[in-house]
**Q** 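Next up is a structure, given as structure tokens.
Remember, it's a predicted structure, so these values are computed and weren't measured experimentally. Just so it is clear, the values below take in all heavy atoms, side chains as well, and ignore hydrogens, waters and symmetry mates. So you know, we letter chains A, B, ... as the sequences are listed, proteins then strands, and number each from 1.
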Amino acid sequence: MKSKYWKLLAVFLSIGIVAAACGSDGDGGSSTTTAAQTTTTAAATTTTAEATTTTAEVEVVQTGSLLDTVKDRGTLNCGVSGSAVAFSETQADGSVTGFDADYCRAVAAAILGDAEAVSFTALTASERFTAVQTGDVDVLMRNTTWTQSRDSSVGMDFGPTTYYDGQQLMARVGDGFSADSTVADLDGAVVCTNIGTTTEKNIAEAALLAGAEITLLGFETSDEVYETFINGGCDITTTDGSALVGRKVKQQPDDQEWVIFPATPISKEPLGPTYGQNDSAFADAVNWTVYATIIMDEYGITSANVEATCADAEAEVARLCGGEGELQTGMGLPADAFYQVILQVGSYGEIYARNLNPVGLVREGSANAGWLDGGLIYSPPAR
Amino acid sequence: MSEMSSGLGVPTIPAPPEEPHLPPRQWIRENLFSSLFNTVLTIVSSLVILAIVRGLLAFIFNPQRQWEATATNLRLLMTQAYPEEQYLRVWVCVAVILTLTAMSMAVWRAGSAVPLPGVGRRLLSGGVLLALMALLAPFGTRSTFIWLVIGIVVAAGGEALRRFADEERSLSTLALLAMALGGLVATLWVVPYGSHTFNLQRTPRVLAEPGTVAMSTKLPWTLMLVVAVAAYFVGTLVRDRLPTNPLRATLLVTWLLMPPILLYLVLRDPSFDMGHVFTTDIPIFAAYAVLGGALLSWLTRPSTGEAGRIVAALVLVAGFAMFATPMRMIVRLDMLLLAGFALSAPTFSGGPRARRRYTAGWLGVLGMMSWLITAINTPSTVDVPGGFFIGGISLTLMVAIFTIVISFPLGLALALARTSNMPIFRLLATWFIEFVRGVPLITILIFFSIMVPLFLPPGMHLGEVAAVVIGYSLFSSAYLAENVRGGLQSVTRGQHEAAEAVGMTTSQKTVFIVLPQALRVAIPPLVGHCIGVFKETSLLAIIGLFDVLYIARYVMSNQTEFMGSTKENILFVSLIYWIFAYQMSKASQRLEQRTGLGER
């Protein structure tokens, strides 16, 4: 008698399950979702309820530019690494500092007038592009190299390069290496690097071209690479030049002398802001924030003297300061957008010095010097 | 066995009875040097252990080690970016958890008595160990001497206690625990650990000053200890004055409600939009409370009969159908909850008192859930940069606790479904379990964190932590189901038949006869599973969530000041993992003893 009704119940339940499965977008996980719903309703609520956010927010994303969304929201969602020395470090108090983090702040200062209106999201290399596509972050400042495939098939657009990096090698002077050494001198060397990055591929290709036979050792984290290097487990370490300099300054033991070579890196790694493609209004805002920091740097304007300089500026500086505001208002920014950027965050030179000098990276003579000083940092004119 | 030992006033000391009677020298001879082979084995293994300990100590006390990296980043490791001015909220959470722990210890009469000579034995071995460590550690002569003296003094005190103390006098393990914790807290005030601070606006940003730790560390911990001890005494008072079972039930319910309340009310501090609450949330709650209450009151009437089950099944179908139509999520979830209550109503049918109790239970659960959903959907006032407002150990613990709490009922249901006679349930459960067990956890985590957000229909947004907890719970429930199924199979056929013979329904039989016995048998694998869940939260690092291991491994070693400090950080984090996992393991042992597992 009882079992008969249980059977009836089972039939009802299965009808319910089928109905629910049909209703939920027909994705493959119907058995898993229904299991969760039928058995523990309380459990399902605590988790799925977070899924119910306002639909209004998403509608804004779909219409208009991201620029308007950011202005409505009042904060800029910026994707950073959160664990890249000097570029975006998470500090002991939870704050995010670094070169990339400062450019997030600069963009926020331009669009919203407040450099602190940034919400940082730490992203791994594998999730960074998904995060932009799902709208979790507005812009990536995550030392992302500008490549053809990312620009085209991945669906990203790239802003002006803020840091010209390139893969280099580091070895001990005691092993006979010098600043003039080349990849051809690596024959028979053990090379340590991080796994899962393009550095591995680059050094293998360079060695092949130079006809040098090398042994590659891969490690999960940078610390393991340098630990092994210090203990003599490998002859060479290789990664982006910016990271090598930092490690040399901070970790070179007293009884060793390290040298970085070749002077011309074995790869090109232009790093800069990255955002979703086909959104000109937002792209312009990000790009011209970067350009403004570069132009102001050319004029020697810093956060310290920007107030005084802008008070009686002329021509290009006056236009960037917001004197003839239509250039900024025409692109959907406040007239004093770039004045705020310089005042609250600083010019390119300041941002560079603040974050990269402490790890031993100097601008003079490098690819990141201004174009007037023989570097690559260049901006179109503001007029 | 247990009666005998409690007669001696030593209720639960699992030591073998002959051990206390052997003097140490004889014990060593019989156990370590009884034969030539044993002698060689003892010498070789002690040499290996000594070498390992020496290596570890040499590592820890190497002056090149950057322990200030760990000391400066303690807050980052605990809660990541939780703002300092709101830190009171974190301490309130810790205080609530400690209060509940201490009260539960009192109400369940945790702890046992150790005779004073036993305490002496422990002190003796601790002192000898300390002296040995002092000799092995790479200290200067002065430090070695000081620590050696301390070790010998402790050992001598222990030996004196062991020889001369009265066997009849004993000390509670809880008192010992309180003394140990009190000693630890006291060192915060006395020992110059150094004060390590970070301030972005200051040069240098990282500053290590000599002296004791900062006031913002030692004062809260001292208060926490006071709160815990006070809560224990309040617990003993309450225990002696109130009836036991309702008290224990209240505490259990509080434990269950605590994680969401602490997370969503205390830590997140939702700013309720009162207009929305009064025009939408409260009316929905009221409608479900009145109509659902009436329905349940009718369903629990014994005269309703089998028509009730049909109505209940229809409610469930209606609940599912609601997901196919545009509707507020809260309405759908409330409907599912009502369906769950309606389906189990006939099991609880009875007189007016039982019916009133059941309806009151419905009102309580519904109110709790309505409040929770409203709180979750309300923006937080705690302003934290970053994807999720808490990280570090807090995130690790939170994900572990939520996963365990959610996957437990889920796994139970899956196990019951897999062993049931109903083919649809059985097949679904089997498929689900076998599918999930065939997929690595990291795949599931990556799927839920990267793929699921892309599949969601526009308008739905799933936070990364929520997505991960769902995925992890599904994974964990499949394994848990198999553990429970093992327990279910250990319940003999006779138990089933006996339950059926006294006229129990299938659900009554399951709830009151089968499950209690099955779960008791399944305690060791279940606790093992919980420890596994806790430790495997470290996989969150791979999808970029700032759990404690990710912070130690990637974040701290990439700070300008602390490059190359990974080894120290990982050693510290492994200590944290060990403390939590070991406590769970001990709790499991105590639970096994309480339920008499392996004895009857």
**Q** Under a 4.5 Å heavy-atom cut-off, does chain A meet the side chain of B:Phe562, its backbone, both or neither?
**A**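 For B:Phe562, no heavy atom lies under 4.5 Å from chain A.
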
**Q** Crowded around B:Asn199 CG? As in, over 12 foreign heavy atoms under 6.0 Å?
**A**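 Result for CG/B:Asn199: enclosed.
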
**Q** Can you check whether A:Thr130 reaches B:Met451 side chain to side chain, under 4.5 Å on heavy atoms?
**A**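 Of all side-chain heavy-atom pairs linking B:Met451 with A:Thr130, none is under 4.5 Å.
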
**Q** Give, as side chain, backbone, both or neither, the part of B:Glu84 having an atom under 4.5 angstrom from any heavy atom of chain A.
**A**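 Contact with chain A involves no heavy atom of B:Glu84 at all.
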
**Q** If you round to the nearest 0.5 Å, how far is CG of B:Leu76 from CG of A:Asp93?
**A**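 That separation rounds to 8.5 Å.
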
**Q** Under a 4.5 Å cutoff for heavy-atom pairs, which residue among B:Ser565, B:Ser449, B:Gly564, B:Gly319 has the most contacts with chain A?
**A**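 Counting heavy-atom pairs under 4.5 Å, the top option is B:Gly564.
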
**Q** Drop me the distance from A:Gln91's CD to B:Thr72's OG1, to the nearest 0.5 angstrom.
**A**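 Answer rounded to 0.5 Å: 10.5 Å.
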
**Q** Just give me the residue among B:His196, B:Met556, B:Arg205 that pairs up with chain A most often, heavy atom to heavy atom, under 4.5 Å.
**A** B:Arg205

**Q** Show your reasoning for whether side chain to side chain donor-acceptor pair (under 3.5 Å) applies to A:Glu89 and B:Thr560.
**A** CA-CA 8 Å; A:Glu89 301 174 10; B:Thr560 305; 2.2 Å; yes

**Q** What distance separates B:Asn558 CG from A:Ser81 OG, expressed to the nearest 0.5 Å?
**A** 7.0 Å

**Q** Working to the nearest 0.5 Å, report the span between OG of A:Ser222 and OH of B:Tyr554.
**A**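 If we round to the nearest 0.5 Å, A:Ser222:OG and B:Tyr554:OH are 9.0 Å apart.
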
**Q** Using 0.5 Å steps for rounding, measure from the CD atom of B:Gln559 to the OG atom of A:Ser83.
**A** 10.0 Å

**Q** In plain terms, say whether A:Glu224 and B:Lys567 are close enough for a salt bridge, that is, a side-chain N and a carboxylate O under 4.0 Å apart.
**A**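 Salt bridge between A:Glu224 and B:Lys567, a charged N being under 4.0 Å from a carboxylate O: no.
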
**Q** Against chain B, label A:Thr97 side chain, backbone, both or neither, depending on which of its atoms sit under 4.5 Å from a heavy atom there.
**A**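 The side chain, not the backbone.
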
**Q** Can you establish whether the number of heavy atoms outside A:Asp254 located under 6.0 Å from its atom CG is more than 12?
**A**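 Counting neighbours around CG of A:Asp254, 12 or fewer heavy atoms of other residues, nucleotides or ligands fall under 6.0 Å, so no.
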
**Q** Considering only residues two or more places apart or on different chains, which pairs with a residue in residues 239-251 of chain A satisfy salt bridge (charged side-chain N to carboxylate O under 4.0 Å, His left out)?
**A**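 Passing the test, one end in residues 239-251 of chain A: A:Asp223-A:Arg247.
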
**Q** Chain B heavy atoms under 4.5 Å from A:Glu227: which part of the residue, side chain, backbone, both or neither?
**A** side chain

**Q** For chain A, which candidate among B:Ile551, B:Val555, B:Leu412 shows the most heavy-atom pairs at distances under 4.5 Å?
**A**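 With the most close heavy-atom pairs to chain A, the winner is B:Val555.
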
**Q** Could you look at B:Arg332 and say if it's the side chain, the backbone, both or neither that has a heavy atom under 4.5 Å from chain A?
**A** neither

**Q** Hey, which of A:Thr124, A:Thr75, A:Val85, A:Asn77 has the most heavy atom pairs under 4.5 Å with chain B?
**A** A:Val85

